[in-house]
Amino acid sequence: MGQERDERRDLAIAELERERDMAIARADEAEERERVAQERLRELVPLVARIEAAERRALDAERRLDEIMSRVAPSDGVNDLAGDEPDEGDPGGDAPEPVAPQAAELRARLARSAARKKPGGTRET
C-alpha cells in the first residue's frame, strides 16, 4: 500500500509540475504580447500626432478657401471664378482680384492631401 501511495504522489507531483510549466509558458507568452503591443503603441503615437497635424492643416486650408470664396461678390459671375475676363460693362476698378487661381491651388492641395490619407493613396509632390 505504501508503494501505491508513493506512485500516486509522484504522479500528482509530475502533473503539478506540468501545470506549473504550462502556466509559466503562458505567462511568458503574455509578457511577449504585452511587449509587442507597447512597442506598436510607441510607434503609433507619432503617427497619430502627424495625422492630427494634417487634419488641422486641411481644416485651415478649407477655411482659407472659404475666405477666398467669400471675397467674391455675389454679382461676380461664374466666369470670374473660372478665370475668364470680366464683362466689358464691368469697370473692374473696385472688383476683387480673381480668386480662381488661388481657389484652384487650394482645391488641388486638398485633393493631394486627401489622396495621401486614403489607404493605397498615391503621394504626389
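Just so you know, these numbers come straight off a predicted model, no measurement behind them. The first residue of the sequence shown is numbered 1, and numbering continues consecutively from there.
- A salt bridge links Asp6 with Arg9; the closest basic N to acidic carboxylate O contact falls under 4.0 Å.
- Contacts of Arg40 classified as side-chain hydrogen bond (donor to acceptor under 3.5 Å, both in side chains), with partners at least two apart in sequence or in another chain: none.
- Taking CZ from Arg42 and CG from Leu47, the interatomic distance works out to 14.0 Å, rounded to the nearest 0.5 Å.
- For the side-chain hydrogen bond (donor to acceptor under 3.5 Å, both in side chains) condition, the pairs that include at least one residue of residues 23-34, sequence neighbours left out, are Glu32-Arg35.
- Identified under the salt bridge (charged side-chain N to carboxylate O under 4.0 Å, His left out) test for residues 13-22, with sequence neighbours left out: Glu15-Arg18.
- For the atom pair CD1 of Ile68 and CD of Glu105, the computed distance is 10.0 Å after rounding to the nearest 0.5 Å.
- Atom-to-atom distance recorded for Leu44:CG and Arg50:CZ is 12.0 Å, nearest 0.5 angstrom.
- For the atom pair Arg8 CZ and Leu11 CG, the distance stands at 9.5 Å (nearest 0.5 Å).
- Here the closest non-hydrogen pair linking Ala61 and Leu110 is CB-CD2, 3.7 Å.
- For the side-chain contact (heavy atoms from CB on, under 4.5 Å) with Leu65, the qualifying choice from Met69, Glu67, Glu62 is Met69, the only one to do so.
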